[in-house]
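Data block below; observations after.
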Amino acid sequence: MSIENWPRSIAHLDMDAFYASVELGKRPELRGKPVVVCGSGPRAVVTTASYEARKLAGIHSAMPAAVARRRLPDAVYLRPDFPAYREASAQVMEVLRRNVETVEVVGLDEAYLDLTGLYSPKATMRRIAAEIRADTGLTCSVGISESRMLAKITSELGKPAGLVVLSREDALVRFAGDSPGLVPGIGPKTVARLEAIGIATLTELARRQASELESTFGPRSGAWLHARGRLWDETPITVSRETKSQSTEITFDVDVRQRGELEKHLVELAAELCRRLAKRELEGRTIGIKIRLDDWTNVSRSHSVEAPTNDLAVVTRVALELLRAYDPQRPVRLLGVRLASFQGEADPVAAESEAPAGQLRLGFSSAA
DNA sequence: TCTGGGGTCCTTCCCCTC
DNA sequence: TCTGGAGGGGAAGGACCC
Ligand SMILES: Nc1ccn([C@H]2C[C@H](O)[C@@H](COP(=O)(O)OP(=O)(O)OP(=O)(O)O)O2)c(=O)n1
Ligand SMILES: [Mg+2]
């Protein structure tokens, strides 16, 4: 065991405009046109857009579909086809796994690969990208660096269809003046909190003492930010991930004001959830509901039962009890049902794992 | 123009036990 | 009123990601 294993060589592979690209594979005649994949209702959002649509009108994921349609009425608007995306994803991941031992899949279109010790990580990834293209007709972008955080940042640099290698040393120079928001896991809320204490760049973040960040963000998040400011990330690549929860939710086309209607939807959601749980043979102990009111207030209620279940009668009964106990006093925009605490231990929220995974999120409940 | 659905993980608070 | 401290686990809220 004397093989050098640090620094590591980590790759992040990310499919280009994934849903839209799969759609183009189904309908090649649309190639070259702006394509937007989104739902059909009045409250739909864009899941993704082809690069043509992005360049023409700045259309991007999570944008309200109504906005996209106004900006680019002549684009081709397509409904999501999840079975097709799952199938394409499975093909992609198969290529990865037949080439590399340590592959961590994230969602449908990304994966991290630990290439430490390989003779040429770059050649390996070039070959993999070519195989993916041959097998699926889809292109991907690859970043190779020394950690998952840096690999992910690096894969963005070459999009679309790029392959970029970047050392941490070069990254420290290159991103010195950039916003901390460049780092995956640092979103708009954290960027604002950092700015409030005089931190607007990665260099400024890197200059702060860990103790100072810990006093503002708490011990874990503070330490996490301290490391990320230095573009430092030791999070390992983990092959398997267990499902922690499953949920089904619906945003109504029009806010629901009547209890009876709400309960009808809840029963349907519970049935749908239990159907999916049964298909995956999942049983959980914590049944929860989620409600979004018309003013965007979110409320969740949950209750844990003795034994793991996915029984429709149990899930429906508990969910209805939770809804009746809460009894929303405003119109309801969204309603959802969730099951958690599968097999082993407690509710995921409280489950303490020895190796806290890389994407430490900064939750602030009572912080303004 | 008005904001999806499916997730993970974090912090806080509270009750309870040791 | 000086009322212990740590930690498991449930519950609620939130940030973030694909
Ligand atoms: N808010 C989001 C973000 C993404 N997705 C879906 C649609 C995307 O096609 C897929 C992959 O997400 P990416 O962030 O990787 O985006 P794309 O693959 O579409 O584009 P890119 O080329 O930037 O990776 O996940 C989604 O439904 N909602
Ligand atoms: Mg992608």
Side-chain angles (χ1 to χ4, degrees), chain A residues 14-15 17-19 37-48 59-72 79-80 82 85-86 89 105-111 152 181 183-193 217-225 235 238 241-253 269 272-273 276 285-292 294-305 322 326 333-341 344-353 355-368:
Chain A
D14 187 327
M15 303 303 294
F18 184 55
Y19 292 2
V37 180
C38 61
S40 54
R43 288 172 163 174
V45 301
V46 172
T47 64
T48 195
I59 292 171
H60 57 81
S61 294
M63 172 184 279
V67 175
R69 286 183 197 276
R70 184 173 52 82
R71 286 203 200 176
L72 205 54
R79 259 8 100 226
F82 293 104
Y85 311 147
R86 276 194 290 269
S89 175
V105 177
V106 179
L108 288 178
D109 94 319
E110 302 183 10
K152 182 161 173 60
V183 173
I186 301 183
K189 301 286 187 179
T190 305
V191 166
R193 287 185 75 190
F217 294 92
R220 282 169 72 88
S221 298
W224 186 90
L225 284 168
T235 312
T238 311
R241 289 185 169 190
E242 279 180 9
T243 301
K244 299 267 170 55
S245 69
Q246 189 164 6
S247 61
T248 308
E249 64 190 45
I250 181 177
T251 293
F252 304 115
D253 287 352
L269 287 165
E272 175 64 18
L273 179 62
R276 294 185 197 172
R285 291 181 43 243
T286 306
I287 298 154
I289 64 168
K290 170 178 166 182
I291 294 165
R292 174 134 70 215
D294 63 342
D295 64 356
W296 278 76
T297 315
N298 292 314
V299 178
S300 62
R301 292 291 183 267
S302 63
H303 175 75
S304 297
V305 295
L322 290 168
Y326 173 63
R333 180 184 181 93
L334 173 150
L335 184 65
V337 186
R338 172 176 179 266
L339 196 69
S341 306
E345 300 296 301
D347 189 81
V349 169
E352 192 73 10
S353 108
Q359 296 266 331
L360 233 182
R361 242 102 222 186
L362 312 162
F364 334 102
S365 307
S366 54

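Labels below follow one simple rule: chain letters A, B, ... track the order of the sequence lines, proteins then strands, and each chain is numbered from 1.
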Looking at [X], I'd like to know whether one of its side-chain N or O atoms comes within less than 4.0 Å of OP1 or OP2 on [N].
X: Arg43(A); N: dG4(B); answer: no
X: Ser341(A); N: dG10(C); answer: no
X: Thr190(A); N: dC16(C); answer: yes
X: Ser300(A); N: dG13(C); answer: yes
X: Arg333(A); N: dG4(B); answer: yes
X: Ser304(A); N: dA11(C); answer: yes
X: Ser247(A); N: dG7(B); answer: yes
X: Thr47(A); N: dC18(C); answer: no
X: Lys244(A); N: dC9(B); answer: yes
X: Arg276(A); N: dG6(B); answer: yes
X: Gln246(A); N: dG7(B); answer: yes
X: Lys189(A); N: dG13(C); answer: no
X: Arg71(A); N: dT1(B); answer: no

Rounded distance in Å - [atom1] ([X]) to [atom2] ([N]):
X: Glu249(A); N: dT3(B); atom1: CD; atom2: C1'; result: 14 Å
X: Trp224(A); N: dT8(B); atom1: CH2; atom2: C1'; result: 13 Å
X: Lys290(A); N: dG6(B); atom1: NZ; atom2: P; result: 9 Å
X: Ile289(A); N: dA12(C); atom1: CD1; atom2: C1'; result: 12 Å
X: Glu110(A); N: dG7(B); atom1: CD; atom2: C1'; result: 13 Å
X: Asp109(A); N: dG7(B); atom1: CG; atom2: C1'; result: 14 Å
X: Leu334(A); N: dG4(B); atom1: CG; atom2: C1'; result: 9 Å
X: His303(A); N: dA12(C); atom1: NE2; atom2: C1'; result: 16 Å

Exercise. Rounding to the closest angstrom, what is the interatomic distance between dG4(C) and dC16(B) at atom C1'?
Worked result: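 Approximately 15 Å lies between the C1' atom of dG4(C) and that of dC16(B).
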
For this session: For dC2(B) versus dC18(C), give the span between their P atoms, rounded off to a whole number of Å.
Result: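 Those two atoms are separated by 27 Å.
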
For this session: Classify the ring geometry between Phe82(A) and Tyr19(A) as parallel (under 30°), tilted (30 to 60°) or perpendicular (over 60°).
Result: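 Because their plane-to-plane angle is over 60°, the rings of Phe82(A) and Tyr19(A) count as perpendicular.
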
Using a heavy-atom cut-off of under 4.0 Å over every strand shown, decide if [X] touches base, sugar-phosphate, or nothing.
X: Thr248(A); answer: sugar-phosphate
X: Ala62(A); answer: base
X: Val46(A); answer: nothing
X: Gly39(A); answer: nothing

For this session: Starting from the 5' end of DNA chain B, give me the residue, Pro219(A) or Trp296(A), whose nearest nucleotide shows up first.
Result: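 Nearest-nucleotide comparison on DNA chain B picks Trp296(A).
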
Seminar exercise, completed: Between Thr243(A) and Thr251(A), whichever has its closest DNA chain B nucleotide further toward 5' is Thr251(A)

For this session: Please name all residues satisfying ring-ring contact (aromatic ring centres under 6.0 Å, His included) with Phe252(A), sequence neighbours left out, ordered by chain then number.
Result: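 With neighbours one apart ignored, the set is His265(A).
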
Exercise. Looking at the side chain of Ser221(A), which of dT11(B), dC2(B), dG4(B) is the nearest nucleotide?
Worked result: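 The answer is dT11(B).
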
Exercise. Lys152(A) side chain: which of dG7(B), dC17(C), dA11(C) is closest?
Worked result: dC17(C)

Any donor-acceptor pair under 3.5 Å from [X] side chain to [Y] backbone:
X: Ser245(A); Y: Leu339(A); answer: no
X: Ser341(A); Y: Arg285(A); answer: no
X: Arg338(A); Y: Gln246(A); answer: no

Problem set entry | Dot-bracket encoding of pairs in DNA chain B, which uses [ ] for pseudoknotted crossings and | for another strand, Watson-Crick or G-U under 3.5 angstrom | ....||||||||||||||

